[in-house]
Amino acid sequence: LLSKLIERKKLLDKIVIVSDLIRTSTYTKDGKWLYDITKKQDIEGIIAKRIDSTYKQGKRTLDWIKIKHFKTLDCIVFFYTKGKGKRKSQINAL
């Protein structure tokens, strides 16, 4: 069983035939450069992985983190006020 990311990447490089449709991920120590390039290409973001990280099936760890270009925020609205007059059918404030 291959445990470390670098070992898994070496194995993939040996067995995967790269084409226009298939490629392996690139390793770089310059994450800022990769982040900037993917932003220009309108890609969602990058995955940052510790090079010595182990694969833990079905578990999230801080060894692998997703860094997105598009920031979102999930919120729960507890209170709101309805609009008045012409804005009666709209929300006035959250």
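If you read the sequence from its start, that first residue is 1, and numbering goes on from there.
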Can you tell me how far the CD1 atom of Ile37 sits from the CG atom of Asp30, to the nearest 0.5 Å? 9.5 Å

If I take atom CD1 from residue Ile46 and atom CG from residue Leu34, how far apart are they, to the nearest 0.5 angstrom? 5.0 Å

Ser53 to Asp63 - nearest heavy-atom pair and separation: CB-CB, 3.6 Å

Please assess Leu5 against Arg8 for the test side-chain contact (heavy atoms from CB on, under 4.5 Å), listing each intermediate value before the final yes or no. CA-CA 5 Å; Leu5 175 64; Arg8 295 190 306 273; 3.6 Å; yes

Applying salt bridge (charged side-chain N to carboxylate O under 4.0 Å, His left out) to Lys40 and Asp36, what does each step give before you reach the verdict? CA-CA 6 Å; Lys40 288 177 185 173; Asp36 292 342; over 6 Å; no

Quick check: do Arg87 and Asn92 have side-chain heavy atoms less than 4.5 Å from each other? yes

Is Lys66 close to Ile47 at the side-chain level, that is, under 4.5 Å between some pair of heavy atoms? yes

Counting only heavy atoms not in Leu62 (residues, nucleotides, ligands), do more than 12 fall under 6.0 Å from its CG? no

Counting only heavy atoms not in Tyr80, do more than 12 sit closer than 6.0 Å to its OH atom? no

Do Ile65 and Ile51 land in one hydrophobic cluster if side-chain heavy atoms of ILVMFWY residues count as linked below 4.5 Å? no

Flag yes if Ile43 and Ile67 sit in one hydrophobic cluster, no otherwise; membership is Ile, Leu, Val, Met, Phe, Trp, Tyr, and two members link when side-chain heavy atoms are under 4.5 Å apart. no

Is it the case that over 12 heavy atoms from other parts of the model lie below 6.0 angstrom from the NZ atom of Lys56? yes

Linked, directly or transitively: Leu12 and Val18 (ILVMFWY side chains, under 4.5 Å): no

